[in-house]
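What follows is a short report on a single structure.
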Amino acid sequence: MPPALERHGRLELDAALRGKLLTMSPATMDRLLAEVRVVARGGQRRRAGMSSAVRRSVPVRTFGDWNDPPPRYVEVDFAAHSGTSSSGSFVQTMVLTDIATGWTECVPVRTRDSGNVIVAIKQARSFFPFPLLGVDFDNDSAFMNEFVVS
């Protein structure tokens, strides 16, 4: 994944760091990123039960529910780059697609926590040639939490 991110100007690594990253196991990456995840959440640990109330308060639309929308409304989802296994840590791509035009922007996300999701959505907004009016997502817990919804 780093070579593709570098090729598209989304990541810059010096040779030493690149070498370490490419030889590091997923378990080691996960261990090293544990504190980063806590900081990204604003120092808070996940609280149980929070997502249930959020899920009930947010309507989830499917493509058939849109009824020919104007441009500037996007649907968002993740594409996992985990090979044949979804265990451990791996980079994912947040994919934002404008419903009306099909314009699509992709942003790499190292971990699926709310802080990184919010940063990625803000970054993606700057890539679109028009301001976004709405962001819709499925009921994935990476999106369906009080931090992202607010």
Side-chain angles (χ1 to χ4, degrees), residues 1-51 54-55 58 60-63 66 69 71-150:
M1 183 42 111
L5 292 172
E6 290 172 323
R7 191 170 46 253
H8 294 287
R10 305 287 188 180
L11 182 66
E12 291 182 28
L13 299 171
D14 64 21
L17 181 58
R18 187 174 193 276
K20 289 178 182 179
L21 181 63
L22 293 176
T23 59
M24 188 182 303
S25 74
T28 300
M29 285 182 193
D30 196 38
R31 234 180 357 267
L32 293 173
L33 291 172
E35 287 304 311
V36 173
R37 290 187 189 104
V38 172
V39 170
R41 281 192 218 81
Q44 300 174 357
R45 303 269 179 204
R46 291 184 186 172
R47 296 185 306 207
M50 174 178 25
S51 65
V54 172
R55 287 175 197 270
V58 177
V60 176
R61 292 186 274 203
T62 64
F63 183 77
W66 279 102
R72 303 178 356 180
Y73 289 90
V74 297
E75 286 203 4
V76 183
D77 207 350
F78 276 110
H81 307 288
S82 59
T84 59
S85 170
S86 62
S87 64
S89 294
F90 46 88
V91 172
Q92 298 189 55
T93 300
M94 180 184 289
V95 181
L96 299 91
T97 303
D98 181 74
I99 302 303
T101 66
W103 187 288
T104 300
E105 292 292 346
C106 301
V107 180
V109 178
R110 289 189 178 110
T111 59
R112 296 165 42 99
D113 62 67
S114 58
N116 285 344
V117 168
I118 292 167
V119 168
I121 290 173
K122 286 179 180 177
Q123 183 179 18
R125 288 172 61 188
S126 71
F127 297 155
F128 280 89
F130 41 73
L132 300 183
L133 294 177
V135 176
D136 277 63
F137 39 80
D138 60 18
N139 63 1
D140 185 325
S141 62
F143 303 114
M144 197 64 75
N145 60 72
E146 69 177 333
F147 301 110
V148 174
V149 169
S150 66

### Task
Would you mind reporting whether Val74 and Val135 have side-chain heavy atoms less than 4.5 Å apart?
yes
### Sub-4.5 Å side-chain heavy-atom contact between Phe127 and Val107
yes
### Query
Would you say Arg31 and Thr28 make side-chain contact, with heavy atoms under 4.5 Å?
yes
### Task
With rounding to the nearest 0.5 Å, note down the distance linking CG in Leu132 to NZ in Lys122.
13.5 Å
### Query
For Asp14 and Leu17, which heavy atoms make the closest approach, and how far apart are they?
OD1-N, 2.7 Å
### Message
With side-chain contact (heavy atoms from CB on, under 4.5 Å) as the criterion, how do Leu96 and Val76 come out once you've worked through the C-alpha distance, each side chain's angles and the decisive distance to 0.1 Å?
### Response
CA-CA 4 Å; Leu96 299 91; Val76 183; 3.7 Å; yes
### Task
Find the distance between OG1 (Thr93) and NE2 (His81) and round it off to the nearest 0.5 Å.
2.5 Å
### Query
Can you check whether Arg72's main-chain N or O pairs, donor with acceptor, with Asp98's side chain at less than 3.5 Å?
yes
### Task
Write down the atom of Ala120, the atom of Val109, and the distance for their closest heavy-atom approach.
CB-CG2, 3.7 Å
### Message
Rounded to the nearest 0.5 Å, what separates atom CG in Leu11 from atom CG in Leu21?
### Response
7.5 Å
### Query
With under 30° as parallel and over 60° as perpendicular, where do the rings of Phe130 and Trp103 fit, or are they tilted in between?
perpendicular
